[in-house]
Amino acid sequence: MKARYNIAPTQPIAAVRANENSGNRELAIFSWGLVPFWAKEPSIAHQLLNARSETAAVKPAFRGPMRHHRCLIPADGFYEWKAIGGQKQPYYIRRPDHEPFYFAGLFDHWGSPDGSEIESATILTTAANDFMTPIHKRMPVIIPESQYDRWLDPKVQQPAKLADLLRPAPEDFFIRKPVTPLVNSVRNDMPECIMPTVEPPSPPNQLGFGF
DNA sequence: CCAGACGTTGTT
DNA sequence: GTCTGG
DNA sequence: CCAGACGTTGTT
DNA sequence: GTCTGG
């Protein structure tokens with residue numbers, strides 16, 4: 001299996017879920033961007049790349065999956081773009097020790113009238129912690145190892161029993177590195193995408209030009 | 001009742 | 001500006 | 001998320 | 001399928 005450096009929405013992602021019969025953990029491949037079972041068109045996936053953890057339990061697209069279709073999506077890093085003026089600077093965010101971690105995810109199963117099927121997933125987000133705030137106002141929810149079982153447990157269905165997991169990661173969980181804008185194009189899926197570049201200049205802090 | 005949406009991020 | 005595709 | 005398209009008629 | 005808006 002080839003390593004990926006730039007996974008785009010609608011592309012395949014690996015995940016762990018509880019088998020619906022045995023309850024045992026199993027590997028699944030989902031396309032990124034949720035296609036709810038009731039969707040008329042799979043193109044809705046583009047609007048459902050992320051789910052706000054604060055409201056997922058009551059949103060039509062996420063309510064069912066939040067109760068019955070939770071998963072863990074492994075990664076060893078992700079990108080966020082920092083807006084600097086009109087520009088966007090991409091950052092690669094990973095653990096200091098390069099170890100992988102798991103996003104909190106939701107999945108669903110969609111069947112079209114013509115018989116084709118899509119298994120898809122979305123990533124829950126929460127407020128940025130102090131570490132992430134300079135880059136972005138939101139961040140993905142990370143599930144710690146001690147909580148994998150609870151997050152995947154199909155018997156746990158009440159939102160209140162999961163709310164304590166939907167928190168920003170600890171401040172020292174991640175480090176970040178500015179990276180090349182190569183990552184801006186989904187055509188560029190290569191190791192260079194995660195190679196650190198020089199820190200970009202700080203945005204000007206002088207105000208009052210009166211535009 | 002039926003029709004239409006069902007979402008997030010970021011920017012102004 | 002907004003939508004679609006990857 | 002960003003990049004790239006954004007359209008029709010007619011022909012293969 | 002379920003909720004919201006009219």
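Contact annotation: A:Arg187 side-chain N/O to C:dG5 OP1/OP2 distance is not under 4.0 Å. Checking the phosphate oxygens (OP1, OP2) of B:dT9, a side-chain nitrogen or oxygen of A:Arg138 falls inside 4.0 Å. Note on A:Lys88: a side-chain N or O is less than 4.0 Å away from OP1 or OP2 of D:dC2.
Taking atom C1' on both B:dG7 and C:dT4, the two are 16 Å apart, rounded to the nearest angstrom. Only the P atoms considered, D:dC1 is 15 Å distant from B:dT12, to the nearest whole Å. With P as the reference atom, D:dA3 and B:dT11 are 13 Å apart, rounded to whole Å. Nucleotides B:dT8 and C:dT2 are separated by 16 Å at their C1' atoms, to the nearest Å. Spacing of C1' atoms, E:dG1 relative to B:dT9, comes out at 27 Å, to the nearest Å.
Of the candidate nucleotides B:dC6, B:dT11, B:dT8, B:dT11 has the atom nearest to the side chain of A:Lys137. The side chain of A:Ser185 lies closest to D:dA3, out of B:dT11, C:dG6, D:dA3. The side chain of A:Asn184 lies closest to D:dA3 when the candidates are B:dC6, D:dA3, C:dG6. Of the candidate nucleotides C:dG6, B:dC6, B:dT8, B:dT8 has the atom lying nearest to any side-chain atom of A:Asn50. Of all nucleotides listed (B:dT11, B:dC6, C:dG6), B:dC6 comes nearest to the side chain of A:Pro60.
Taking atom CG of residue A:Leu182 and atom P of nucleotide C:dG6, one finds them 20 Å apart after rounding to whole Å. Put simply, OH on A:Tyr5 is 20 Å from C1' on C:dG6, counting in whole angstrom units. The interatomic distance linking A:Met66 (CE) with B:dC6 (C1') rounds to 17 Å, in whole Å. Remark: P of C:dT4 and CD of A:Gln47 are 9 Å apart, rounded to the nearest angstrom. Distance NE2 (A:His46) to P (C:dC3): 13 Å, rounded to an integer number of Å. The nearest whole Å value for the distance from the CD1 atom in A:Ile7 to the P atom in D:dC2 is 17 Å. One can place CG of A:Asn6 at 9 Å from C1' of D:dC2, the figure rounded to the nearest angstrom. Following rounding to the nearest Å, A:Arg63 (CZ) and B:dA5 (C1') show an atom-to-atom distance of 16 Å.
Atom CD of A:Glu20 has 12 or fewer neighbouring heavy atoms from other residues, nucleotides or ligands inside a 6.0 Å radius. Residue A:Gln157 places its CD atom among more than 12 non-hydrogen atoms of other residues, nucleotides or ligands, all under 6.0 Å distant. Atom CD of A:Glu171 has more than 12 heavy atoms from other residues, nucleotides or ligands within 6.0 Å.
In summary, the side chains of A:Gln11 and A:Arg4 do present a donor paired with an acceptor at a separation below 3.5 Å, with no hydrogens or angles considered. Checked by atom type, the side-chain pair A:Thr125/A:Arg138 shows a donor-acceptor distance below 3.5 Å.
Summarising the base pairing, D:dT8 is matched to no nucleotide, lacking a Watson-Crick or G-U wobble pair whose two defining distances lie under 3.5 Å. If you check C:dT4 for Watson-Crick or wobble pairing at under 3.5 angstrom, you find it paired to D:dA3.
Within the nucleic acid shown, A:Ala39 has no heavy atom closer than 4.0 Å to any nucleic acid atom. Here A:Thr125 lies in heavy-atom contact (under 4.0 Å) with sugar-phosphate atoms only. Among the protein residues, A:Leu49 comes within range of the nucleic acid bases, having at least one heavy atom under 4.0 Å from a base atom. Nucleic acid contact for A:Tyr79: none, since no nucleic acid atom lies under 4.0 Å from a heavy atom of the residue.
A:Phe131 has its ring centre no less than 6.0 Å from the ring centre of A:Phe174.
Stacking of the aromatic ring of A:Trp38 onto the base of B:dC6 is found: the ring centres lie under 5.5 Å apart and the planes are inclined by under 30°.
Salt bridge status for A:Arg70 with A:Asp153: absent, with no side-chain N to carboxylate O gap under 4.0 Å.
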